[in-house]
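Quick notes on the structure that follows.
If you're wondering where the values come from, they're calculated on a predicted model, not measured in any experiment. The sequence lines fix the lettering, A, B, ..., with proteins before strands; numbering per chain opens at 1.
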Protein chains: 2
Amino acid sequence: MLADDQQQPSNDPAGGAPRRRATIHDVAKLAGVSRQTVSRAVNDKGEIDPGTKERVLEAARLLDYRPSRFARGLVRKGTVTAGLVIPDLMNPFFPEVAAGVLEAAERRGWQVVVWDSRTDEAREREALDVLSHQADAVVGYFKNPDDVLARHLGGVPLVLLERGPQQTRFAAVGIDAAAGLAAGLAHLVHAGHRRIGMLDGVHGPAPRRQAFLAEVRRHGLPVDEGWIAMCPEHSVAGGEEGMERLLDTRPEITAVFGFNDLIAVGAMRAARRRGRTVPGDLAVLGFDGLSLGELVEPGLTTLHIDKRQLGRLAVEQVARLRAGEEPMSGADAWVVPELVVRSSA
Amino acid sequence: MLADDQQQPSNDPAGGAPRRRATIHDVAKLAGVSRQTVSRAVNDKGEIDPGTKERVLEAARLLDYRPSRFARGLVRKGTVTAGLVIPDLMNPFFPEVAAGVLEAAERRGWQVVVWDSRTDEAREREALDVLSHQADAVVGYFKNPDDVLARHLGGVPLVLLERGPQQTRFAAVGIDAAAGLAAGLAHLVHAGHRRIGMLDGVHGPAPRRQAFLAEVRRHGLPVDEGWIAMCPEHSVAGGEEGMERLLDTRPEITAVFGFNDLIAVGAMRAARRRGRTVPGDLAVLGFDGLSLGELVEPGLTTLHIDKRQLGRLAVEQVARLRAGEEPMSGADAWVVPELVVRSSA
DNA sequence: TTGTAAGCGTTATCAC
DNA sequence: GTGATAACGCTTACAA
C-alpha cells in the first residue's frame with residue numbers, strides 16, 4: 001500500500017539524475033491503463049475494478065506519484081487560500097489573533113498562508129507582492145498607506161486589522177479604542193488620579209492615543225503631548241524605555257496608560273526600578289488583555305480584547321468581500337475592550 | 001491604472017448574477033487583442049506597445065481580472081508551499097518556532113500554510129489530509145504515530161518537530177533534552193537539592209521525562225514515578241494543577257522541574273499559594289526559555305531553547321528531503337538547551 | 001509589436 | 001469497468 005511507505009527518500013527507483021516529478025501520465029503508462037483510470041484509482045471513486053485499482057496504486061507508489069495541486073486546482077474549483085500578514089509573532093497578542101483567523105478559515109475550508117512582516121513596511125510590500133499572486137484574499141496589519149497597499153495588491157481583496165473606517169478605504173475590523181479608554185480612564189479617575197500619562201507605541205494605531213487624549217480632556221485633566229512618551233518598540237523593553245523617559249519629563253504623574261500590555265509591563269518594571277511602587281506611587285493600565293498580565297506582580301489592570309474574535313471577524317469580512325456583499329462596518333466590525341481590574345491600577 | 005482601484009466591491013460592472021472570475025481570455029476579448037498580449041501586459045514584459053498595454057490593463061481592471069494561480073503554477077514551476085502544523089498558538093513557545101520556520105521559508109522563497117492542531121490527534125489528521133494535497137512538504141508537531149501519519153500523508157515529505165531519530169522513521173529536528181537536563185539537574189544538585197520532583201506534560205515529548213529520570217538517578221537521588229505529576233495541559237493552569245497534586249503526594253520535595261516554562265510558572269504560583277516561598281522552600285526549574293520567565297517574580301531559572309533555530313532547522317530538513325539528500329541526523333538536527341539561571345532556582 | 005499553437009497535469013463527459 | 005477527448009487558464013516558443 002501507498003500508505004506504508006515511510007522511509008522518506010523513498011524516491012529514485014532508477015537511481016539517476018534528479019528526475020522530474022511523476023505525472024498521472026507516467027503512472028498510467030507504467031500501470032498500462034489510461035490516465036482517467038489512474039485518476040479514478042487515486043481519488044478512489046467507484047467504477048473501477050479492484051484489481052486494476054491495486055495495480056495503479058502500486059505503480060503510483062513506485063513512482064512516488066502525487067497529483068499536482070495546480071492541475072487539480074485548475075479543474076476543481078473551490079480551493080480558497082487567504083494570506084495573513086502578522087507584524088510581530090513575539091507579541092502574544094498576534095498569535096491569538098492569528099488563531100482566530102485560522103479557526104474561522106478552517107471552518108470555511110480555507111487555507112491560510114502566513115507572513116511575518118516584522119512591522120517593516122518594505123516587508124509588508126513584499127508580502128503583498130507574493131500573496132497577491134498566491135492568495136484569494138489578504139488580511140493583516142499594515143503600516144503602508146492605502147494607495148501603496150493597493151498598488152501591491154493587484155486587485156486582491158484586503159481586510160485591514162485594527163483600522164477604523166475613517167482611516168482606510170479598505171474593509172477593516174477594528175477595536176473600539178474610545179469605548180475602552182472611556183472605561184479605563186473612568187477607573188483611574190475614580191481612583192483619584194488626576195495626572196495621567198501615556199506610553200504610546202511607535203507604529204501602532206493612532207486611535208489609542210487619540211482616545212486617551214479625548215478622555216483625559218473630557219475629565220478636565222491636565223494633559224498635552226508632553227505627557228505622552230513614545231516607546232521605540234511594542235515590547236516590555238520598549239515600555240521600560242518609554243517609562244524612563246516619561247518619569248524624567250513628567251515625574252508628577254500618578255498613573256500611566258500603556259499602548260499595550262507589553263509596554264505596560266515594561267512601565268511597571270521601570271517604575272519599580274526607579275523606586276516607585278505600583279500601584280501605590282504609580283498606577284498602570286494596559287491594553288490587550290494578555291494572559292501575561294495575570295502572571296506579573298502586581299497583576300496588570302488592562303483593557304481586555306477578544307483577539308480571537310478579531311481574527312474571526314476579519315475572516316468574515318473576507319467572506320463578504322468574496323461574496324460581493326457589503327463588508328460589515330461600524331459596531332459590527334468592532335471588538336469592544338473590556339476593563340479587567342487587577343492590582344496595578 | 002489598475003493600482004488605483006481601491007474601493008473593494010469594485011466588481012460587477014454589469015450588476016448581475018455572481019459572475020465567474022474573468023480569465024485572460026475575457027480580457028483579451030474586451031481589449032481586442034490576443035491572450036498572449038494580455039499576458040505580456042499583465043506580467044509587464046517588454047515587447048509590447050505602451051498604448052496596447054494601457055488598453056489591456058484598463059480592460060483587466062474593468063473585469064477585475066487576476067491571473068489564476070493554478071494555471072500559472074501549472075506552467076511556471078517553482079512555487080513551493082510548506083505546511084506547518086502547530087499544536088498550541090497560545091503557548092508562546094510555538095509562535096517563536098513558527099517565526100523560525102517562516103523566516104527560513106521566506107528566505108527560500110517558499111510559502112507556509114499554517115494549521116493549528118490544538119494538540120488534537122484527529123485535527124492533526126485533518127490537517128494532513130488537506131496539506132498532503134496542498135503542500136509540497138509538511139513540518140510540525142504530531143502526536144499520531146508514524147504509521148498513521150504516513151497514511152494521511154500520501155507521500156508528501158514530513159519533518160517532525162521535537163522527535164529524536166529513535167522515535168520516528170521520518171526526518172526530524174529535536175531538542176537535546178539529555179544535555180539540557182544534565183545542566184539543569186547539576187545546578188539543582190549543586191545548590192543542595194536532593195528531593196527533586198517533576199511536573200510532566202501529558203502529550204509532550206517523552207525525552208524530557210526520561211532525561212529527568214536518568215539524571216536524577218545518575219546523581220544517586222531518590223526518585224520514582226511518584227515524584228512525577230502529570231499536568232492536564234501545557235499551561236500555567238496545568239502547572240498549578242500538577243503542582244497541587246505533587247505537593248499533596250510528595251510534600252518533601254525541595255525542587256521541581258517543569259516540563260515547560262508555562263508549567264513551571266504555574267508551579268511557582270501554586271507553591272506560593274500553599275505558603276511555600278520560591279526558591280526558599282521550593283526551587284523551580286523550567287524548560288523553554290520563554291521571555292515570560294524574565295517577567296515573573298522570582299525570575300524563572302530555565303533551560304533556554306533557541307526556538308527560532310529549531311524552526312529554521314526544520315525547514316532545512318525539508319530542503320534536504322526535497323533535494324533527495326539525506327536529512328541531517330544526530331547533533332546537526334538538535335538544538336541544545338542552555339541553562340539560564342534567574343532567581344527561582 | 002502582435003498573434004498562433006502547443007503544452008502544463010488534472011478531471012469530467014461521454015462514448016465504448 | 002475503461003478509455004478517448006475536451007476543457008481548465010495560463011505561459012512559452014515560434015511565426016507573422
Side-chain angles (χ1 to χ4, degrees), chain A residues 19-60 63-81 130 132-136 154-156, chain B residues 19-60 63-81 130 132-136 154-156:
Chain A
R19 285 177 343 295
R20 82 176 208 303
R21 241 178 65 180
T23 74
I24 198 173
H25 185 81
D26 303 319
V27 179
K29 223 166 29 181
L30 180 57
V33 296
S34 75
R35 296 176 303 183
Q36 174 55 297
T37 300
V38 175
S39 176
R40 279 192 276 252
V42 168
N43 303 303
D44 60 13
K45 311 245 172 183
E47 310 176 333
I48 183 174
D49 180 284
T52 358
K53 179 169 174 178
E54 194 52 41
R55 198 150 37 87
V56 170
L57 256 23
E58 175 62 20
L63 296 175
D64 189 28
Y65 166 71
R66 272 167 287 148
S68 148
R69 68 169 174 284
F70 297 116
R72 230 181 210 166
L74 197 52
V75 87
R76 302 215 273 238
K77 311 302 181 188
T79 324
V80 177
T81 300
V130 172
S132 62
H133 289 313
Q134 307 293 354
D136 301 299
V156 175
Chain B
R19 284 179 343 295
R20 80 176 210 303
R21 242 177 65 180
T23 74
I24 198 173
H25 185 80
D26 303 319
V27 179
K29 223 168 29 184
L30 180 56
V33 298
S34 73
R35 296 178 305 182
Q36 166 57 346
T37 301
V38 175
S39 177
R40 279 192 278 250
V42 168
N43 303 304
D44 59 13
K45 311 243 172 184
E47 311 175 333
I48 183 175
D49 180 283
T52 16
K53 179 168 175 179
E54 194 52 42
R55 198 151 37 87
V56 170
L57 257 22
E58 175 62 19
L63 297 175
D64 190 27
Y65 167 71
R66 272 166 290 146
S68 148
R69 67 169 174 284
F70 297 115
R72 229 182 211 167
L74 199 50
V75 89
R76 305 216 272 239
K77 312 301 182 190
T79 324
V80 177
T81 300
V130 173
S132 62
H133 288 314
Q134 306 292 353
D136 302 299
V156 175

Residue pair A:Arg69 / B:Thr79: nearest heavy atoms and the distance that separates them: NH2-O, 3.2 Å

Among the candidates D:dC10, C:dT10, C:dG3, find the nucleotide nearest to the side-chain atoms of A:Arg35. C:dT10

Output the rounded distance in Å from CZ (B:Arg69) to P (D:dC8). 18 Å

Length of the CG-C1' vector between A:Leu74 and D:dA7, whole Å: 9 Å

Roughly how far, to the nearest 0.5 Å, is the CG atom of B:Asp44 from the NZ atom of B:Lys53? 4.0 Å

Check whether any side-chain nitrogen or oxygen of A:Ser39 sits under 4.0 Å from OP1 or OP2 of C:dT11, and answer yes or no. yes

Length of the CD-P vector between A:Glu47 and C:dT11, whole Å: 14 Å

Quick check for you: among D:dG9, D:dT2, C:dT1, whose closest atom lies nearest to any side-chain atom of A:Ile48? D:dT2

Separation of D:dG1 atom P from A:Arg55 atom CZ, nearest Å, is 15 Å

From the candidates C:dT10, D:dG3, D:dC10, the one with an atom nearest any side-chain atom of B:Ala71 is D:dC10

Under-4.0 Å side-chain N/O to phosphate OP1/OP2 contact, B:Thr52 with C:dT2: yes

Nucleotide of D:dC10, D:dT2, C:dT11 approaching A:Arg76 most closely (side-chain heavy atoms): C:dT11

With rounding to the nearest 0.5 Å, note down the distance linking CZ in A:Arg35 to CZ in A:Arg40. 12.5 Å

Hey, which sits more toward the 5' end of DNA chain D by its nearest nucleotide, B:Arg40 or B:Pro67? B:Pro67

Which of the following nucleotides, C:dT10, D:dT2, D:dC8, is nearest to the side chain of A:Asp49? D:dT2

Can you tell me the distance, in whole Å, between the CZ atom of A:Arg72 and the C1' atom of C:dC8? 16 Å

Could you tell me whether the phosphate oxygens of D:dG3, OP1 or OP2, come under 4.0 Å of any side-chain nitrogen or oxygen in A:Thr37? yes

Under a 3.5 Å distance rule, please check whether B:Arg21 uses its side chain to pair with a backbone N or O of B:Arg66 as donor and acceptor. yes

Side chain of A:Lys45 (C-beta onward), nearest among C:dG9, D:dT12, C:dA12: C:dA12

Within less than 4.0 Å of OP1 or OP2 of D:dG9, is there a side-chain N or O belonging to B:Thr23? no

Out of B:Val42, B:Leu57, B:Asp26, which one pairs with B:Tyr65 under the side-chain contact (heavy atoms from CB on, under 4.5 Å) rule? B:Val42

B:Ser34 side chain: which of D:dG9, C:dT4, C:dT10 is closest? C:dT4

From NZ of B:Lys77 over to P of D:dT12, roughly how many Å is that when rounded to an integer? 11 Å

Approximate separation, where rounding is to 0.5 Å, of B:Lys29 NZ and B:Ser34 OG: 14.0 Å

How many whole angstroms separate atom NZ of B:Lys53 from atom P of C:dG3? 16 Å

Select from B:Pro50 and A:Asn43 the residue whose nearest nucleotide in DNA chain C is closer to the 5' end of that strand. B:Pro50

Quiz question: going by heavy-atom distance under 3.5 Å, is there a donor-acceptor pair between the base of D:dT5 and the side chain of A:Gln36? no

C:dC8 C1' sits how many Å from A:Ile24 CD1, rounded? 13 Å

